[in-house]
Amino acid sequence: APPNPGDLPIPGDPRGPGDPPNPGGLISRADALAAGWTDAAIRHAVATGRWRRLRSGIYVLAAAPGLDAHASRARNVSAAYASARTCPRAVISHGSAAIVHGLPTVCRLDRPCLTVAAGTALRHLAAAHLHRATLATHDVTEIRGVATTSAARTVLDLAREHGLDAGVAAADAALHQGLVTAGDLARALAECAGWPGSAAAGRTAALCDGLAESALESLSRLRIGVAGLPPPVLQAELGDEFGRFVARTDFYWPQFGVVGEADGIVKYDGRDALLAERRRQAALEQLGLVVVRWEWRDLSRFDPVAGRLRAAFGRGTPRAAAGERQRWSVLPPCTRIGA
């Protein structure tokens with residue numbers, strides 16, 4: 001009698017073999033059998049969603065529920081490479097291309113994303129999220145031997161499909177990393193005029209800023225604008241009144257003497273980093289600056305943060321109106337006297 005599928009070895013199950021080697025994300029039936037799997041075990045892995053069947057005898061590991069963001073990105077791009085290698089006409093695009101370029105993905109990553117030309121045979125690409133489009137030569141680059149949309153095309157594709165948050169987060173990072181220029185985005189935008197989602201792509205190109213250093217800062221800037229608050233100065237380097245460096249800040253409103261800090265999950269790794277940040281904030285406050293902080297979870301309901309910022313602006317306005325002496329200075333970039 002065949003074995004009970006419930007007792008078959010599954011990936012990571014200590015009772016049976018682990019995953020077979022899967023270079024590039026692909027698992028062949030031969031590799032699985034060599035690693036101790038059986039055909040019944042392979043069928044069980046596919047039936048339970050642990051593996052995805054791309055074509056006869058070729059599989060890819062599926063994303064597991066509860067994966068953290070890093071693991072989810074890794075699984076997505078691995079599956080994208082695996083799918084693209086089954087179809088020479090496929091180009092990795094959208095969210096998967098953003099991962100390949102090292103850009104943030106403020107969007108769902110349920111399936112690998114590929115763009116194919118009209119008339120492409122799709123029987124080997126059932127596991128992918130497919131987009132049908134004609135790509136110009138300059139819209140495609142080769143990364144790790146696989147065709148991938150260019151950084152500029154990828155940014156605007158993200159904006160068109162997933163909206164302004166996804167587009168601006170990716171555009172800011174691409175500018176910051178030197179992967180694109182404003183001119184590159186303008187050219188790519190002109191080419192997608194009139195396409196679905198082109199309005200979001202246009203706003204992305206207009207609002208992006210390469211000074212942002214994280215997706216949290218990018219989305220915070222958008223929320224600040226939606227709340228009707230004055231635009232801040234990004235990455236201002238502040239010092240004392242003698243020009244000695246004190247801190248570089250995420251957001252700074254010079255007219256109010258207010259600093260905004262967006263705290264990411266890994267910004268302060270460990271107790272020492274947290275204590276150093278507390279000392280940094282104390283140093284800013286000793287200069288008379290008001291510091292307002294927020295986190296990722298605040299983005300979904302930004303009104304309380306906007307209220308705290310307005311209250312901070314209110315405290316700074318009377319000082320400026322009274323001509324109170326300013327005890328801090330704004331340093332030119334990279335000027336750190338006494339740092």
Side-chain angles (χ1 to χ4, degrees), residues 24-25 54 60 72-122 124-125 127-205 208 210 215 218:
L54 298 180
V60 66
S72 178
R73 283 166 59 91
R75 287 290 177 91
N76 181 284
V77 78
S78 177
Y81 274 114
S83 296
R85 285 175 176 141
T86 70
C87 179
R89 298 180 68 184
V91 178
I92 294 176
S93 64
H94 295 74
S96 297
I99 300 170
V100 173
H101 285 291
L103 301 176
T105 46
V106 184
C107 58
R108 294 181 63 86
L109 296 172
D110 296 332
R111 291 184 293 165
C113 297
L114 301 175
T115 292
V116 296
T120 302
L122 305 179
H124 297 329
L125 301 176
H129 182 187
L130 297 179
H131 304 264
R132 288 180 176 84
T134 300
L135 293 169
T137 303
H138 58 265
D139 285 329
V140 181
T141 186
E142 188 173 290
I143 300 177
R144 302 178 198 167
V146 178
T148 306
T149 51
S150 67
R153 175 64 184 261
T154 298
V155 164
L156 297 188
D157 281 348
L158 276 177
R160 291 191 306 106
E161 182 176 24
H162 296 288
L164 191 62
D165 279 4
V168 170
D172 283 1
L175 288 167
H176 186 77
Q177 297 172 30
L179 298 179
V180 300
T181 65
D184 295 331
L185 292 176
R187 284 189 291 273
L189 179 63
E191 292 173 356
C192 73
W195 294 5
S198 58
R203 293 188 66 201
T204 291
C208 59
S218 298

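Note that the structure is predicted; figures quoted are calculated from it, not measured. If you read the sequence from its start, that first residue is 1, and numbering goes on from there.
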When rounded to the nearest 0.5 Å, the distance separating CG of Leu189 from CZ of Arg203 is 13.0 Å
Do the non-hydrogen side-chain atoms of Arg160 and His131 ever get within less than 4.5 Å of each other?
no
Minimum heavy-atom separation for Cys192 and Ala201, please, with both atom names.
SG-CB, 4.4 Å
Could you tell me the separation between the CZ atom of Arg75 and the CD1 atom of Ile99, rounded to the nearest 0.5 Å?
13.0 Å
dist Arg108:CZ -> Ser72:OG (nearest 0.5 Å) comes out at 9.5 Å
Determine whether a donor-acceptor pair (N or O, by modelled atom type, separation under 3.5 Å) exists between the side chain of Asp184 and the backbone of Thr181.
yes
A side-chain contact here means heavy atoms from C-beta on lying under 4.5 Å apart; do His138 and Glu191 qualify?
yes
Atom pair CG/OG of Leu135 and Ser93 - distance to nearest 0.5 Å:
7.5 Å
What closest approach, in Å, do Leu158 and Ala170 show between heavy atoms, and which atom pair accounts for it?
CD1-CB, 3.7 Å
State, to 0.1 Å, how close Leu185 and Cys208 come at their nearest heavy-atom pair, and which atoms those are.
CD1-SG, 3.8 Å
Given side-chain contact (heavy atoms from CB on, under 4.5 Å), test Arg132 with Val116 step by step and report yes or no.
CA-CA 5 Å; Arg132 288 180 176 84; Val116 296; 4.1 Å; yes
Criterion side chain to side chain contact (heavy atoms under 4.5 Å, CB included) against His101, the qualifying member of Thr148, Ile92, Val180:
Thr148
Distance from Gln177 atom CD to Leu103 atom CG, nearest 0.5 Å?
5.5 Å
As a quick check of understanding, evaluate side-chain contact (heavy atoms from CB on, under 4.5 Å) for Leu164 and Thr204, giving each step before the final call.
CA-CA 6 Å; Leu164 191 62; Thr204 291; 3.7 Å; yes
Taking atom CG of Leu156 and atom OG of Ser198, what is their separation to the nearest 0.5 Å?
10.0 Å
Non-hydrogen side-chain atoms of Leu109 and Arg73 separated by less than 4.5 Å
yes
If you take all heavy atoms of Ala84 and Ala90, which pair is closest and at what distance?
CA-CB, 4.3 Å
Closest non-hydrogen atom pair between Asp172 and Ser218, with its separation
OD2-OG, 2.6 Å
Distance-minimising heavy-atom pair for Ala152 and Ala188
CB-CB, 4.2 Å
Non-hydrogen side-chain atoms of His94 and Thr115 separated by less than 4.5 Å:
yes
Qualifying residue, where the test is side-chain hydrogen bond (donor to acceptor under 3.5 Å, both in side chains) with Thr149 and the options are Thr154, Thr141, Asp139
Thr154
